[in-house]
Amino acid sequence: MEQPSNTRPAHTGPTAPGPVSPDSGAPMARAPLDQTGRLAAAIRQFVRTHEPDSHHVIHACAMATACAVLWSRYLRFDPVAPSWFDRDRFVVSSVRYRTLVNALVSLSGQAALRTGDAPHPATTMGFGPSGQGLGAAIGMAMAEQHMAARFGRTLVNHRIWAISCWSELSTGVALEAAALAGQMGLERITVLVGLSEHERVQAEAALPRYAASGWSVRKVAADQPDQIATALAASIRTHRPCLIACLSPPPVAETDEPFVDDPGLWASASRRGATARRSWLRRLGKDRQRIDFERIISGQRPALWHTDWRRSWQGAGRHHASHPALPTTSYARRGLDILRELLPEVLCLRSRLGLASGGNVAHGPTALPTRCDTQVHGMAALLNGIAMHGGFLPCGTATFVAVDRMRPALRFAAMMKRQVIYCLTDGGLSPEEDGPAWLPVEQLASLRAMPNVAVFRPATRRETMECMELALDRTDGPSLLTLYPFIPAVDVASDATLPEAPALTNQCARGGYVVAESPSARQVTLIATGQELATARTAQLMLRERGIGAALVSLPCWELFAAQKISYRERVLGTAPRIGVEAASGFGWERWLGQEGAFIGIDGFGKDAPADGQQGRSGAIQPEHIVARAMELIHAADNSTQAHGQRHRPHDGDLPFSGASIRNAALQN
């Protein structure tokens, strides 16, 4: 690591080392140091004037010189077109630099273009949990690398600049994301870290970790423009991710600074960005990939892609006829392979145990790396950055048990309402020989409780296709598909007794539907998700043999079902007693089951469940248990009808049967 000398270097000339042009590589015009000093003074003046009571003023003022050098000489932006795709990305995630962001946006003439509370394109993203901003910035660098690999440096030639603090450097997500940046060779990212005197000791423990991960690490004095400019110019030339530690001097008293009031200070930076954008537009107009490029950066899908998507699945269905029962992981893998052909903008990152096929972008002589191994927290942060960069639809595959490590990044994506798709397999949930000895049975309930997140739990080939389609069309938050790797005992989709749904109808679009209605009046309704739908189907057939009218309902997405009209929900759920079946905790199921309902699932952590493949996940959920419980409910309902003359129908206003107490019949082995 390069460190500044104990004595600050004297001025050796009237100008600072000039930056390198991103387009030609030739040195650009050099800005006088006195202009840089005036820019930094203007930033500090704005911060102290507009937010004098903020305790982050000291940190913002300490990084004023570094930001003045970056924005006036290196950051490529055009205030007239702040959403220009090939602009440099500028990421500030730490709340301590909030006042600094406001100063930079206002002084550079972009404040008037900001609308609402959304983060301005000049700063790319809002403030989030510690370390998430750095991880997202690395994800943007990954998106830039993949876009350039596909369309070339003629159209994609920008950098990602990030401002961070020492507390973010040592977070787990930042360290994991940094390791991935080194492994993947993401050379287009530079991180500036402000370090005050009392923070240097803690930072000394984190900086070597970044150097060991393949980063170029430098130390500069935060108040020396020439040192900062030299380090920034070096970060452009190097072929590694860069981290520049800016050692802050003692704070400058407000009375020691001259008053700066010059609206033309940022004119040269604006002209530089405008010139670069006009040159880029000329290149775009002549590029042979212009139509495809414009479609992707605007977020549009190819014409008739839905038709091609359904046709591809129909082809897979012909193969399915000779293999009537497959796990949903196989169907999802097939779906990702289809997406790779139809939507090349789907960028799929994979953990060590995630789905191994589909979605990877491979252009040029070699495929760019997308495997993140066990670093799933960093992978989730990268997915957020890919979503914010634009041009790609990020997808991550991991095990369901890894949600605990990905949860902060998932919550951040939900807060920002970014489209990120997760394909989570249950492979790590079974207490089998190579799996854990416990089951995180509360995960589904906790994910369903997270705002702006849609949880899909498909049961069949068709439901997997429809849920993936819904996740692709949903743009206001993350979508999670929970998939199981076991072959169901009964293939619900191929049962000849089930009515065939219209080919162009997405049954899952409403979140829940009747899979098989009772041929006679309903006496009980069986409600299930995922692989438990096959078990519930077996129980329904057993009840039919006893002359019991039982209906089967699939509930693949609670969030979509809750958004439907009350009349539709009541028509699907019916008024007969209900039994919920799911290999998880019953928390939240009372919303759909009501006072007369029961739930059959897994309590505790499933430590005593047998390790026999499919039953290792739901050994306590057997058709016989469901039938026995259904007979009890029907008998209790008949007694109640005789006692009161009519069957009691639960009612709960807007959300039917919400908040009612539930008799949890979760069975233990």
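On a predicted model such as this, the values are computed, not experimentally measured, just so you know.
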Donor-acceptor contact below 3.5 Å, side chain [X] vs main chain [Y]:
X	Y	answer
Q375	A177	no
R87	D78	no
Y97	C165	no
R418	F412	no
Q227	A221	yes
S298	R295	yes
D88	L75	no
Q419	S479	no
Y422	F400	no

I'd like to check [X] versus [Y] (side-chain heavy atoms, cut-off strictly below 4.5 Å). Are they in contact?
X	Y	result
R277	F85	no
H146	I386	no
M450	R407	yes
M147	F293	yes
M388	R89	no
Q443	D404	yes
L232	I236	no
D476	N452	no

**Request:** Evaluate the side-chain contact (heavy atoms from CB on, under 4.5 Å) criterion for residues E168 and S94: first the C-alpha distance (whole Å), next the side-chain angles of each, then the deciding distance (0.1 Å), finally the verdict.
**Result:** CA-CA 8 Å; E168 291 192 294; S94 177; 3.9 Å; yes

Kindly compute the distance separating [atom1] ([X]) from [atom2] ([Y]), expressed to the nearest 0.5 Å.
X	Y	atom1	atom2	answer
L382	E176	CG	CD	10.5 Å
T65	L70	OG1	CG	12.5 Å
H59	L100	NE2	CG	12.0 Å
L284	I297	CG	CD1	7.0 Å
C67	R44	SG	CZ	11.0 Å
I189	W215	CD1	CH2	4.5 Å

**Message:** Angle between ring planes, W71 versus F90, binned at 30° and 60°: parallel, tilted or perpendicular?
**Reply:** perpendicular

Taking all non-hydrogen atoms of both residues, which atom of [X] and which atom of [Y] are closest, and how far apart?
X	Y	answer
W84	R76	CH2-NE, 3.9 Å
I138	A181	CG2-CB, 3.6 Å
F392	P344	CE2-O, 4.4 Å
S351	T399	OG-N, 4.3 Å
G194	R96	O-NH1, 4.3 Å
A409	A380	CB-CB, 3.4 Å

**Message:** Counting only heavy atoms not in R352 (residues, nucleotides, ligands), do more than 12 fall under 6.0 Å from its CZ?
**Reply:** no

**R209 atom CZ, neighbour heavy-atom count above 12 within 6.0 Å** =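 Not more than 12 within 6.0 Å, no.
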
**Asked** Where do M184 and C372 land on the side-chain contact (heavy atoms from CB on, under 4.5 Å) test, with the steps shown first?
**Response** CA-CA 10 Å; M184 298 176 179; C372 301; 4.0 Å; yes

**Asked** Of I421, L410, V420, L347, which meets side chain to side chain contact (heavy atoms under 4.5 Å, CB included) against L383?
**Response** V420

**Prompt:** Of the options V193, I163, D223, V220, which is the one that meets C246 in a side chain to side chain contact (heavy atoms under 4.5 Å, CB included)?
**Reply:** V220

**Request:** For the pair E144 and R153, find out whether any cationic side-chain nitrogen is under 4.0 Å from an anionic carboxylate oxygen.
**Result:**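 Salt bridge between E144 and R153, a charged N being under 4.0 Å from a carboxylate O: yes.
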
**Request:** Tell me, with the steps shown, if L343 and L393 meet side-chain contact (heavy atoms from CB on, under 4.5 Å).
**Result:** CA-CA 9 Å; L343 299 177; L393 197 165; 5.6 Å; no

**Side chains of S279 and R283, donor plus acceptor under 3.5 Å** = yes

**Request:** Decide whether R73 and Q35 meet the rule of one side-chain donor and one side-chain acceptor closer than 3.5 Å.
**Result:** no

**H158 and R188: CA distance, side-chain angles, deciding distance, side-chain contact (heavy atoms from CB on, under 4.5 Å) verdict** = CA-CA 8 Å; H158 55 269; R188 290 274 172 146; 5.7 Å; no

**Request:** Please identify each residue that fulfils side chain to side chain donor-acceptor pair (under 3.5 Å) with E294, with sequence neighbours left out.
**Result:** R290

**Request:** Not counting sequence neighbours, which residues clear side chain to side chain contact (heavy atoms under 4.5 Å, CB included) with T238? List them please.
**Result:** R240, C242

